[in-house]
Amino acid sequence: MHRKILAAAAVAMGLVIAAPSTAIAAPSTAVAPTAVRYVALGDSFTSGPLVPTQVDLNCLRSNRNYPSLLASALGAASFKDVSCAGATTNDILNPGTGQLNRPVPAQLSAVTPDTTLVTVGIGGNDIGFSSIMTTCAEESLGSPLGSPCRDRYTSGGTDQLQERIAATAPKIANVLRAVRAAAPNARVVVLGYVTLLPDSGLGCWPVVPIAYGDVSYLRGIHRSLNAMLANTAAANGAEYIDVYTPSIGRDACKGSSTRWTEPLIPGNSAAPLHPNAAGEQGMANVILAALRA
């Protein structure tokens with residue numbers, strides 16, 4: 001989600017673009033007889049940084065991210081994936097720059113009156129989730145004991161991260177209203193964020209170097225972010241699809257063949273603390289099932 005982390009990861013991993021050793025097949029069942037005109041909006045959890053194969057280095061976008069897999073499964077008549085690593089709600093509505101400091105149009109410009117499906121995966125960068133994880137990891141490198149991250153963000157008697165989540169809700173609402181205005185007849189779907197830390201227990205320091213006392217705190221922040229996205233979607237005529245629950249047991253602490261998100265030092269081709277190819281496939285499957293239902 002955070003640009004500096006992604007840029008560093010890209011350099012460190014040499015912008016890996018080779019195909020994975022085991023291909024993951026996209027779902028093949030079409031969900032509707034009518035033509036699907038699909039636009040995907042979002043940040044790095046949508047774009048799939050360092051997931052093979054990267055097709056846009058400015059946005060660290062993969063052609064095996066969940067929008068691409070979903071478009072194939074739907075047999076979409078048209079498909080525009082404008083997701084971009086580092087994107088915030090502001091980048092949905094306004095032009096910006098990507099990882100290479102090249103211009104990126106407002107993502108909303110891809111949505112047109114004939115669009116029939118829009119997926120929106122945004123909000124994590126608005127609260128600074130990746131920088132939060134980095135800060136918490138740095139403060140826990142020496143020892144897994146205590147709760148330095150929680151102590152930092154709740155000093156003074158208020159929870160700064162919960163305040164950031166609350167402040168992001170109207171920004172999400174603005175995005176959804178703009179999408180609806182641009183495509184009045186589209187099905188608009190908001191995605192939550194998949195697990196990074198285990199849904200229970202003390203985590204897996206030092207693989208994911210978060211202090212034992214901070215794991216439950218950050219888990220709660222993650223859930224609060226998803227709850228805000230669900231509530232804001234419902235209040236603005238959009239659907240919410242829960243990808244967190246299906247990803248439980250597939251967090252960054254699990255083995256490389258099980259996890260959907262990578263630890264701080266990835267073992268699969270993906271950015272640190274981001275979905276890998278299996279995670280993008282998993283999200284595509286969840287979304288497909290929800291659309292069919």
Side-chain angles (χ1 to χ4, degrees), residues 23-48 51-56 59 61-85 87 89 91-93 104-123 172 175-194 229-230 232-234 236-247 260 275 277-293:
I24 301 176
S28 60
T29 305
V31 301
T34 55
V36 175
R37 302 186 181 279
Y38 172 32
V39 177
L41 314 178
D43 58 26
S44 55
F45 270 53
T46 300
S47 68
V51 174
T53 297
Q54 296 285 287
V55 294
D56 183 338
C59 281
R61 187 185 305 128
S62 171
N63 65 358
R64 302 293 291 175
N65 60 8
Y66 74 74
S68 297
L69 298 171
L70 184 62
S72 177
L74 294 169
S78 66
F79 170 51
K80 299 176 185 177
D81 180 5
V82 291
S83 60
C84 197
T89 50
D91 295 299
I92 303 288
L93 303 175
V104 177
Q107 293 188 23
L108 185 66
S109 63
V111 181
T112 57
D114 65 347
T115 301
T116 64
L117 174 65
V118 180
T119 57
V120 183
I122 205 73
I172 300 293
V175 165
L176 297 179
R177 285 193 288 266
V179 170
R180 178 60 64 201
N185 300 314
R187 187 172 184 177
V188 181
V189 172
V190 176
L191 275 296
Y193 287 89
V194 294
L229 294 170
T232 306
N236 290 274
E239 301 172 50
Y240 175 77
I241 294 182
D242 171 23
V243 293
Y244 180 95
T245 301
S247 69
W260 282 11
E280 295 290 343
Q281 178 69 69
M283 287 188 281
N285 291 344
V286 172
I287 300 165
L288 181 66
L291 293 178
R292 294 184 66 183

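Quick caveat: nothing in here was measured; it's all calculated off a predicted structure. Residue numbers run from 1 in the order of the sequence given.
For the pair Val118 and Val120, the minimum side-chain heavy-atom distance is below 4.5 Å.
Listed by chain and residue number, Ile241 satisfy the side-chain contact (heavy atoms from CB on, under 4.5 Å) test with Ala290 (two or more places apart in sequence, or in another chain). With sequence neighbours left out, the side-chain contact (heavy atoms from CB on, under 4.5 Å) criterion links Ser109 to Pro105. With sequence neighbours excluded, no residue satisfies side-chain contact (heavy atoms from CB on, under 4.5 Å) with Ala289. Taking the side chain to side chain donor-acceptor pair (under 3.5 Å) definition, one finds that Ser62 meets it with nothing, sequence neighbours left out. The salt bridge (Lys or Arg N to Asp or Glu O under 4.0 Å) check on Arg177 picks up nothing, with sequence neighbours excluded. Partners of Thr232 according to the side chain to side chain donor-acceptor pair (under 3.5 Å) rule, which considers only residues two or more places apart in sequence or in another chain, do not exist here. Qualifying side chain to side chain donor-acceptor pair (under 3.5 Å) partners for Asn63, counting only residues two or more places apart in sequence or in other chains: none. Residues meeting the side-chain contact (heavy atoms from CB on, under 4.5 Å) test with Ser247, sequence neighbours left out: Val194, Thr195, Trp260. For the ring-ring contact (aromatic ring centres under 6.0 Å, His included) test, no residue two or more places apart in sequence or in another chain qualifies with Tyr240. Partners of Ser78 under the side chain to side chain donor-acceptor pair (under 3.5 Å) rule, at least two apart in sequence or in another chain, do not exist in this structure.
Separation of atoms OG (Ser47) and CG (Asp56) is listed at 9.0 Å; rounding is to 0.5 Å. The line from CG of Asp91 to CG of Leu108 is 12.0 Å long, rounded to the nearest 0.5 Å. Taking CG of Leu41 as the start and OG1 of Thr89 as the end, the distance is 12.0 Å to the nearest 0.5 Å. The structure places CZ of Phe79 at 9.5 Å from OG of Ser72, a figure rounded to the nearest 0.5 Å. Between atom CG of residue Leu70 and atom CG of residue Leu117 there is a gap of 6.5 Å, rounded to the nearest 0.5 Å.
Smallest separation of non-hydrogen atoms from Ser83 and Asn65: OG-ND2, 4.1 Å. Here the shortest heavy-atom pairing between Thr112 and Lys80 reads CG2-NZ, 4.2 Å. Heavy atoms only, all atoms of each residue included: Ala87 and Gly42 are closest at CB-O, 3.7 Å. When all heavy atoms are compared, the tightest approach of Tyr193 to Ile122 is OH-C, 3.2 Å. Closest non-hydrogen pair, Tyr38 versus Tyr66, comes out as OH-CE1, 4.4 Å. Nearest heavy-atom pair, Leu93 versus Ala178, reported as atom, atom and distance to 0.1 Å: CD2-CB, 3.6 Å.
With Leu229 as reference, Ile172 is the one residue of Asp242, Ile172, Leu191 to meet the side-chain contact (heavy atoms from CB on, under 4.5 Å) rule. Among Pro275, Cys84, Pro67, the one residue that satisfies the side-chain contact (heavy atoms from CB on, under 4.5 Å) test with Thr46 is Pro67.
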Expected list for residues 181-189: side-chain donor-acceptor pairs under 3.5 angstrom, two or more places apart:
{"from": "Arg187", "atom 1": "NE", "to": "Glu239", "atom 2": "OE1", "distance (Å)": "3.4"}
{"from": "Arg187", "atom 1": "NE", "to": "Glu239", "atom 2": "OE2", "distance (Å)": "2.6"}
{"from": "Arg187", "atom 1": "NH1", "to": "Leu291", "atom 2": "O", "distance (Å)": "3.3"}
{"from": "Arg187", "atom 1": "NH2", "to": "Glu239", "atom 2": "OE1", "distance (Å)": "3.2"}

Where do Leu288 and Val286 land on the side-chain contact (heavy atoms from CB on, under 4.5 Å) test, with the steps shown first?
-> CA-CA 5 Å; Leu288 181 66; Val286 172; over 6 Å; no

Can Arg64 and Thr53 be said to form a side-chain contact (heavy atoms from CB on, under 4.5 Å), step by step?
-> CA-CA 7 Å; Arg64 302 293 291 175; Thr53 297; 5.9 Å; no

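The backbone N or O of Ala76 sits nowhere less than 3.5 Å from a side-chain atom of Arg37 that would complete a donor-acceptor pair. Without hydrogens or angle criteria, Gln54 side chain to Cys59 main chain gives no donor-acceptor distance under 3.5 Å.
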